[in-house]
Amino acid sequence: MSKMNNMYSEKVMEHFTCPHNVGEIKEADGIGEVGSPVCGDITRVYIQVEDNIIKDIKFKTFGCSAAIASSSMLTEMAKGKTLEEALKITDADVAAALDGLPPQKMHCSNLAASALHKAIEDYQNKNNIAS
Amino acid sequence: MRRVYLDHSATTAVRPEVLEAMLPFLKEEAFGNPSSIYSYGREARKAVTEAREKVAKLIGAKPEEIYYTSGGTEADNLALMGVAAAYQERGRHIITSAIEHHAVLDTAQYLGRHGFKVTFVPVTPAGLVQVEDVKRAITDETILISIMHVNNEVGTIQPIREIGQLARERGIIFHTDAVQSVGKLPINVEELNVDLLTASSHKIYGPKGSGCLYVRKGIRIKPLFYGGAQERKRRPGTENVPAIVGFGRAAELAGQEMDSEMERLRRLRDKLIDGVLSRVEDVRLNGDRQQRVATNVNFGFSYIEGESLLLSLDMKGICASSGSACTSGSLDPSHVLLAMGIPHEEAHGSVRMTLGRDNTEADIDYVLEVLPEIVERLRAMSPLNKDNEGEAK
Ligand SMILES: Cc1ncc(COP(=O)(O)O)c(C=O)c1O
Ligand code: FES
């Protein structure tokens with residue numbers, strides 16, 4: 001039945017069906033929330049930082065399957081990275097890791113990447129670290 | 001995996017009886033052009049005429065008032081453009097509603113950019129047009145009122161007879177898009193006071209690309225196309241004979257079975273509505289519960305987004321939609337739900353399920369088993385789910 005949805009790659013469907021790192025982190029070191037100007041959907045990312053490294057990361061998404069899959073993929077990519085490395089992850093990287101997204105769904109990967117960047121900023125602001 | 005098709009308002013499969021009626025007209029037996037004088041042509045002409053009688057009967061019209069088209073969209077275009085062009089000397093104001101199908105809405109907007117004034121009357125939160133609002137919108141310039149009979153997204157039945165009567169009293173032409181009511185509600189163009197009516201074949205188990213516009217005798221319309229003398233010059237072009245024959249047979253069967261089939265589907269619909277409302281929290285039935293066609297259910301689930309819900313249902317074999325099929329590629333929430341005053345994010349989480357011939361009680365049981373789990377799973381992921389806020393995982 002994998003042909004059922006020709007719109008999305010297998011990877012997207014995998015991450016949509018069994019998303020990784022769903023949830024919240026209580027007393028997170030940084031939280032970032034982004035609402036899409038395109039569709040109004042929302043993603044929130046929580047990070048826990050230790051020694052400048054993303055020790056743990058979780059997300060919550062109100063959005064389409066591409067947005068959920070992107071959030072899941074992004075959290076996998078960011079986990080264990082330094083903040084500087086994590087800040088370099090772009091929406092294009094997320095989309096590529098998912099074996100691509102349909103053109104009208106590219107903005108969905110942007111939600112996840114932007115929310116992560118905001119979470120890192122939030123952490124840096126709280127800890128008076130200049131980025 | 002079990003497959004449950006719940007998108008009959010988008011389209012339906014051609015019934016075996018309909019296919020059987022169509023096949024000879026695709027093959028050597030009866031492939032003729034209805035305009036030809038020899039036997040092949042005469043047979044095709046006879047079939048087109050018989051189909052016209054069947055379609056006319058379903059809506060209480062005379063056969064000569066039926067004009068075949070390539071479907072509902074063309075019939076809507078022909079109604080609006082045809083009347084606008086024929087009556088523009090009399091006035092340049094058109095009234096329609098905010099919840100019309102895009103075939104009417106976009107055509108009205110086009111006319112609005114080309115010298116006509118268009119009023120889009122609002123609807124109540126339950127998705128109903130109010131006769132008073134139509135009345136207030138009428139001016140001396142009004143030449144046409146177009147209000148759909150049953151809305152395709154929320155299934156609401158509009159007060160067509162009353163609006164028709166109002167139009168008649170004021171000498172205004174009245175069109176109704178009845179694509180979603182033909183074969184589902186008893187229709188009689190006399191009783192409903194309509195001058196023009198749109199019907200489509202593929203919503204009633206006929207082939208796609210086939211439909212008609214009913215035009216009351218005496219109403220003028222300018223054609224969209226020029227060419228031959230077919231359809232009394234109002235719709236030139238060699239007739240799509242198999243599609244017309246299929247439409248006719250589908251209309252005949254729909255008329256014969258309407259009472260019992262709609263009673264059956266109404267029961268299934270109510271089981272689905274009551275089942276979901278009792279099993280899921282924070283869910284709303286979009287559209288009036290009473291003034292509602294027997295086949296339509298439309299739920300708004302708070303905190304979740306429609307596409308992920310539809311895809312999750314699809315993975316369980318359930319085919320539903322988030323509104324009209326033509327807009328599912330777009331990111332904007334339904335104009336119908338927005339017109340009903342439903343907030344943006346709630347409109348985003350709405351799902352339409354439309355019932356039909358192939359649905360059984362077991363299908364509904366299956367949906368009631370699967371849907372609550374899916375909603376729960378997606379809500380657990382949503383930042384908008386208040387219940388989950390602040391709980392560490
Ligand atoms: C209310 C309404 N009008 C018009 C149409 C268009 O009909 P067709 O698909 O035959 O062009 C539809 C079909 O989606 C409809 O639901
Ligand atoms: S459509 Fe909104 S995130 Fe994909």
Side-chain angles (χ1 to χ4, degrees), chain A residues 1-8 12-28 31-46 48 56-72 75 102-108 111-112 115, chain B residues 1-5 282 300-320 322 327-334 337-338 342-351 370 373-393:
Chain A
M1 286 314 268
S2 65
K3 282 235 188 64
M4 221 159 39
N5 207 289
N6 299 324
M7 196 167 123
Y8 292 125
V12 171
M13 291 310 289
E14 246 172 67
H15 278 266
F16 170 59
T17 337
C18 299
H20 307 183
N21 307 309
V22 179
E24 304 177 7
I25 299 175
K26 212 171 204 164
E27 287 159 24
I31 299 178
E33 180 173 305
V34 174
S36 166
V38 183
C39 62
D41 292 344
I42 299 165
T43 285
R44 195 186 294 157
V45 167
Y46 303 77
Q48 186 195 333
D56 197 10
I57 176 164
K58 295 223 185 282
F59 79 91
K60 288 224 154 178
T61 292
F62 165 82
C64 70
S65 30
I68 290 171
S70 298
S71 306
S72 167
T75 55
Q104 78 276 20
K105 289 283 176 182
M106 284 306 288
H107 75 276
C108 313
L111 268 186
Chain B
M1 186 174 49
R2 192 185 184 103
R3 268 229 262 182
V4 180
Y5 184 71
D282 297 323
F301 296 96
S302 303
Y303 319 129
I304 57 180
E305 192 271 347
E307 194 245 34
S308 34
L309 183 51
L310 290 182
L311 199 55
S312 304
L313 287 167
D314 181 34
M315 291 189 304
K316 294 283 186 186
I318 299 170
C319 311
S322 63
T327 54
S328 59
S330 114
L331 299 164
D332 302 327
S334 133
L337 298 177
L338 293 182
I342 292 168
H344 214 276
E345 69 276 9
E346 302 228 349
H348 243 311
S350 289
V351 169
V370 167
E373 291 167 10
I374 293 175
V375 170
E376 197 176 322
R377 191 180 91 84
L378 291 172
R379 280 185 177 166
M381 282 187 221
S382 169
L384 301 181
N385 191 346
K386 291 194 186 65
D387 297 345
N388 279 348
E389 223 149 40
E391 273 174 39
K393 282 253 166 131

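In what follows, every chain begins at residue 1, and chains take the letters A, B, ... in the order their sequences are listed. These numbers come from the heavy atoms of this one structure, side chains and all, not from hydrogens, waters or symmetry mates. Computed from a predicted model, the values in this text were never measured in an experiment.
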Looking at side-chain heavy atoms only, is the closest gap between A:Pro19 and B:Arg377 below 4.5 Å? yes
Kindly give the heavy-atom pair with the smallest separation between A:Phe62 and B:Tyr303, and that separation in Å. CD1-O, 3.2 Å
In this structure, CE of B:Met315 is separated from CZ of A:Phe16 (nearest 0.5 Å) by 5.0 Å
What distance do B:Leu384 atom CG and A:Asp41 atom CG have between them, rounded to the nearest 0.5 Å? 9.0 Å
Measure from the side-chain N and O atoms of A:Thr61 to the backbone N and O of B:Met381, and report whether any donor-acceptor pair falls under 3.5 Å. no
What distance separates B:Leu310 CG from A:Cys64 SG, expressed to the nearest 0.5 Å? 11.5 Å
Just so I understand: if I count every heavy-atom pair under 4.5 Å between each of A:Pro102, A:Gly63, A:Ala66, A:Gly40 and chain B, which residue has the most? A:Gly63
Between B:Glu305 and A:Ile68, is there a side-chain heavy-atom distance shorter than 4.5 Å? no
By a 4.5 Å heavy-atom criterion (distance strictly below it), what part of A:Thr17 contacts chain B: side chain, backbone, both, or neither? both
Rounded to the nearest 0.5 Å, what separation is found between the CD atom of B:Glu307 and the CE atom of A:Met7? 5.0 Å
